[in-house]
Number of protein chains: 2
Amino acid sequence: MGVKNRYSKMLKRENLRNTSHRQSILEVMEASKEPVSAETLYLTLRDKGISISMSTVYRALDVLVERNIIAKTDFTDNNRSLFEIKREEHRHHLVCVKCKKIIPVTECPFHEYASALEERFGFSITSHKLEMFGYCRKCNKDSDEK
Amino acid sequence: MGVKNRYSKMLKRENLRNTSHRQSILEVMEASKEPVSAETLYLTLRDKGISISMSTVYRALDVLVERNIIAKTDFTDNNRSLFEIKREEHRHHLVCVKCKKIIPVTECPFHEYASALEERFGFSITSHKLEMFGYCRKCNKDSDEK
DNA sequence: CTCCTTAATGGGATTGATTCGCATTTGCAT
DNA sequence: ATGCAAATGCGAATCAATCCCATTAAGGAG
Ligand SMILES: [Zn+2]
Ligand SMILES: [Zn+2]
Ligand SMILES: [Zn+2]
Ligand SMILES: [Zn+2]
């Protein structure tokens, strides 16, 4: 099954119209390794020759977050929200504080820790986010050379 | 050593002037169990009879984050940034998605996982944030009763 | 395929948080 | 006490995000 068809099904399942803009947005997000901002999305689409307005980008992001197809990340690119498509595996991120590169990591070591907390606080955890900040290989090297 | 004196020392160490506004801001943040927004801080201070402007609040928050005395949290209260004072132990949070209650947790299960990633990606991790989302005890109970 | 209903969109105006510019005040070193 | 740079206040400016409303288009019925 093609990617487009998969998106159609997702949208239909959620009772959302299968518009070309939503298709394009999902394609760009699927292709992107890193979380993207609304503006990046907008510019990327325009570069691809797609005419779309910012309102539409924001509205599509909202509804897709609401329907659990994409996620708003909890770290921001100075006060600008970032979004990523939900993949099968959940992810954590290594965020380089210098060059802003974001490396996704799929291992998650938190299950036991989480159940201990659930018990202790009577809290049901439905999701979690872990971000790690520091210096990537390249930025480490650059500062060595100084 | 009194709290005020402790703040003076912190500020002096960072070459920041020991102003009464910075003192007040740090006091409020120290007293607050949960992360606070700039506006909450502003209103709390005014309630205490302290005259201060929003610019000053924002500027103080900026410089204190920069000097590592407080931290900007990675979750927002709809597009409003939240800040908390750095305590001796670092913290994670259980955030109730329903009532917005935030429970701080001081245990951190992170270290081995972190070193494995550092090695694999050549990334130096300097800090990390973990937030868990779900339903607190009270909100769990409320939905049982439905 | 055509018609119809209603969701989706464009684009401009608006909101709301955060930042900036500049005149004034205050901390603090001497 | 004096002088100067840092900090502050207040209003203006900025910038992401949201809202409004007129127009377009998805997709179900026939
Ligand atoms: Zn880097
Ligand atoms: Zn995880
Ligand atoms: Zn709750
Ligand atoms: Zn930790």
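Residue numbers start from 1 in every chain, and the chains themselves are labelled A, B, ... in the order their sequence lines are given, proteins ahead of strands.
An angle of 40°, rounded to 10°, separates the two end axes of the helix from C:dC1-D:dG30 to C:dT30-D:dA1, each defined over five pairs.
Straight-line distance from the CG atom of A:Leu43 to the C1' atom of D:dA16: 14 Å, rounded to whole Å. One atom, CG of B:Leu61, and another, C1' of D:dA7, lie 15 Å apart when rounded to the nearest Å. In this structure, A:Tyr58 places its OH atom 13 Å from P of D:dC15, rounding to the nearest Å. Taking atom CG on A:Leu45 and atom P on C:dG10, their separation rounds to 11 Å, with Å as the unit. For the pair A:Asn79 CG and D:dT18 P, the interatomic distance rounds to 14 Å; values are reported in whole Å. We find that CD1 of A:Ile25 is positioned 14 Å from C1' of C:dG10, with the value rounded to whole Å. The distance from atom CD of A:Glu14 to atom P of C:dA8 is 12 Å, rounded to the nearest whole Å. When the C1' atom of D:dA7 is taken as reference, atom CZ of B:Arg67 falls 13 Å away, rounded to whole Å.
Nucleotides of DNA chain C nearest to B:Ser20 and A:Arg17 differ in position, and the one nearer the 5' end is that of A:Arg17. Two residues, B:Asn18 and B:Lys72, neighbour DNA chain C, and the one matched to the more 5' nucleotide by heavy-atom proximity is B:Lys72. Nearer to the 5' terminus of DNA chain D, by closest-nucleotide assignment, is the contact made by B:Leu16 (compared with the other of A:Leu16 and B:Leu16).
The 12-atom threshold is exceeded at CZ of B:Arg67, counting heavy atoms of other residues, nucleotides or ligands nearer than 6.0 Å.
When distances run from any side-chain atom of B:Ala38 to the nucleotides D:dA7, C:dT18, D:dA16, the shortest one goes to C:dT18. You'll find that the side chain of A:His21 is closest to C:dG10, out of D:dT8, C:dG10, C:dA17. Relative to the side chain of B:Ile52, the nucleotides C:dG10, D:dA16, D:dG9 differ in distance, and D:dG9 lies closest.
The shortest distance between the side-chain N/O atoms of A:Thr56 and the OP1/OP2 oxygens of C:dT9 is not below 4.0 Å. Residue A:Thr19 places no side-chain N or O under 4.0 Å from the OP1 or OP2 atom of D:dA26.
Between B:Asp62 and B:Arg59 there is no salt bridge, since no side-chain nitrogen of the basic residue lies less than 4.0 Å from a carboxylate oxygen of the acidic one. The pair A:Lys72-A:Glu66 does not count as a salt bridge, with every side-chain nitrogen at least 4.0 angstrom from each carboxylate oxygen. Of the charged side-chain nitrogens involved, none lies within less than 4.0 Å of a carboxylate oxygen, so that A:Arg22 and A:Glu27 do not count as a salt-bridged pair. Here A:Lys33 does not pair with A:Glu84 in a salt bridge; the nearest charged N to carboxylate O distance is not below 4.0 Å.
The ring of B:His128 has its center no closer than 6.0 angstrom to the ring center of B:His111.
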If you apply the rule salt bridge (charged side-chain N to carboxylate O under 4.0 Å, His left out), what do you find for A:Glu118 with B:Arg137, and how did you get there?
CA-CA 9 Å; A:Glu118 290 194 307; B:Arg137 198 191 301 276; over 6 Å; no
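Among the heavy atoms of the strands, none lies under 4.0 Å from A:Ser37.
Here the side chain of A:Thr56 pairs no donor or acceptor atom with the backbone of A:Ile52 at under 3.5 angstrom.
At a cut-off of 3.5 angstrom, the base of D:dG11 holds at least one donor-acceptor pair with the side chain of B:Ser55. The base of C:dG10 sits within donor-acceptor range of the side chain of A:Arg59, with an N or O pair under 3.5 Å.
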